[in-house]
Amino acid sequence: MKVSPQTFFNFCAAHVPLLRALQERVGELSEADARRLIRDSGKADDELPETTWRRLRELQILVPTEPGSDFYFLAPPVDRLLAYLLDEAKAATPEIIRGYIQSLEALGKQLSRAIDTDDLTVVRLALEEIQQTLRRIYADLDETHRAIMTEVARYKTERQTVSVRDKFRRIVHWMERYVNPMLDIVRTDGPMRATFDETERLLNRAREHGLFNDLPALERNLRHLRLVQRHSLRVFQQCRRELQPLYESLRRSSFIAEGAAVALERLRREGPDGWSERHAIGAYSLRWLHVPADNAIERALRNVVEHPPEPAPVLAMSGEDDIPAAYLHRLWLEALPDNVRNALPVQDLLGWVVSRYPERNTDDALAGFSRLVFHDEFSAKFTDGVSCTYETADGTLDAQPVELASA
Amino acid sequence: MSELPHLHELFDRLRRGYHLSPEDEPMFSVVSANHEAYAAYFAPLGLKLVRHPREFFYFDPETAESVPETLPRIAVFSFILVDHAANDGRPIEDYLLNQHFLISKLPHFSLDRYATLLRQVEVEDAAGIRLVLKQMERLGWVKFVGDEEFRFLRPFHRVFDKCLELSAVGSSRDNETLSSESGQKLPGSAAVNE
């Protein structure tokens, strides 16, 4: 179906954000995906999303992956046009360039046979095709160069947080996927040079061959061959020069980051025991001991003399072995009423006490006497007898006898 | 030998683990100009005066009598800083060596993971961090430019060296990995597998 250029470009002009979003999306997309992109990128004027969706298909901007499929992709011509308009280069893979070189080899063989057989038509066709292939190689190399430069610029200006290790992986990807294989292809002893030399030889042969007289076409091809050769080597050497410092810086940073992460992870997993020996950064340490001076010795001696050592106080942590005397005295006093009860009435209480407990001293004898005299169960009164002398363990007492009876 | 200047002061600093960097003028210039003479002077004492490729000097810790207990704290502090810078996508060396830092803005207690690691080496809070930084200052790795503000000095490269060593050991990389100085080759397949 033919598409009117005016209609197509009018639509494109009104839907730039949508087209950009479609181009940035890699691979197939479903109808739902497409409708979401239409919604997200806003609608032009008052156009309904349904209309936008319909026109995307009518203008063959989106084409189904296979007839009747619900999955779509951006039509390759539109993709290329958008890349051109939006100045977004897409890197050509080394495989594509190798494909071109193989194509040139095949064309060379064709050209050689045509020269041998004086087939001027095939010579002309081969020359045109060689010219076209050279243009494609030039354009693709140029686009790859621009893509790499864009990526380098992105590294230098990127604000969003991407870890050093992720950046390093990306730069390694660019180096490994594009720059190094491309350099292998375009270097002076690489396959491109060999094929170009052979093609140049054939072109010279065709020029020297009297029958083919389109010399300007031959000259054009020769010039283009040399141009592509020089250009490709130059741009990829430049790419390498741009990427190399980034690569080196990121590689070192990446390894430093990995070392720190390894150390921290081991600390987390194994704990600090034994970690220090393997992970701490060593620093010299030398203990410096000075000989004590005279005044230090003098001070030490004075301290000893002026503060003689004394034993430290000891806290008794176990119970006492002996029964306290006060406790025994108390028990004796408490037992006195029971002891005297069987002897009641007692005519001379003090006499009873000192005769029953001769080992008791005067204080104890009087305490026992008082205990019994003032006890609730007993009554005491002085007798009419004469005053007596009582001998205790540590002295004597003179007293009027006291009689004790039950109360 | 006896004519070597600053010997007493130099020895007094280096024996404590200090790293002599361009901040320590005029001693640094003198040692830099006569490194071999100084190294020869200390060698009979069993002390190896190391000249780091990044141009600073220190006594080889292999000959030390003991490992100070502050070193694990310094290591954890430094590794956390490196890890944080890497996760932020910053060029680690450039970022750490060319910036001034505020103690209150350090990332060490911004994540539970970091705080837990610090606690393992008995650094509990900002006061602990300040103490670690003071210890680093004594090693000549850090210079305070105010109460709160500091910057890392050139000898901090020893942390990076340790990281590279651990990284190489950890992933069994060949020695080429460690040669971070000039003349590096383009990545081999090992680097791609990073």
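In what follows, chains are A, B, ... by sequence order, proteins preceding strands, each numbered from 1.
With a threshold of 4.5 angstrom between heavy atoms, B:R90 approaches chain A through N, CA, C or O but not through any side-chain atom. If you measure heavy-atom distances from B:I80 to chain A, the contacts under 4.5 Å come from both the backbone and the side chain. Interface remark: B:Y58 contributes no atoms to any contact with chain A (heavy atom separation under 4.5 Å).
Using a 3.5 Å distance cut-off with no hydrogens or angles, the side chains of A:R234 and A:H231 do pair a donor with an acceptor.
With a 6.0 Å radius and a threshold of 12 heavy atoms from other residues, nucleotides or ligands, A:E95 has its CD atom above the threshold.
Checked by atom type and distance alone, the side chain of B:N87 never pairs as donor or acceptor with a backbone atom of B:H84 at under 3.5 Å.
Of the residues considered (A:A257, A:G271, A:G259), A:G259 shows the highest number of contacts with chain B, using heavy-atom pairs under 4.5 Å.
Residues passing the ring pair (Phe, Tyr, Trp, His ring centres under 6.0 Å) test with B:H52, sequence neighbours excluded: B:F56. Partners of B:H6 according to the ring pair (Phe, Tyr, Trp, His ring centres under 6.0 Å) rule, which considers only residues two or more places apart in sequence or in another chain, do not exist here.
A salt bridge (Lys or Arg N to Asp or Glu O under 4.0 Å) check over residues 100-116 of chain B, counting only residues at least two apart or in different chains, returns the pairs B:D83-B:R113.
Salt-bridge formation is not detected for the pair A:E248/A:R252: no Lys NZ or Arg NE/NH1/NH2 atom is positioned less than 4.0 Å from an Asp or Glu carboxylate oxygen. Between A:D197 and A:R193 there is a salt bridge, since at least one side-chain N of the basic residue sits less than 4.0 Å from a carboxylate O of the acidic one.
Proximity to chain A among residues 132-159 of chain B is limited to B:L139, B:W141, B:H157, B:R158, B:V159, judged by heavy-atom separations below 4.5 angstrom.
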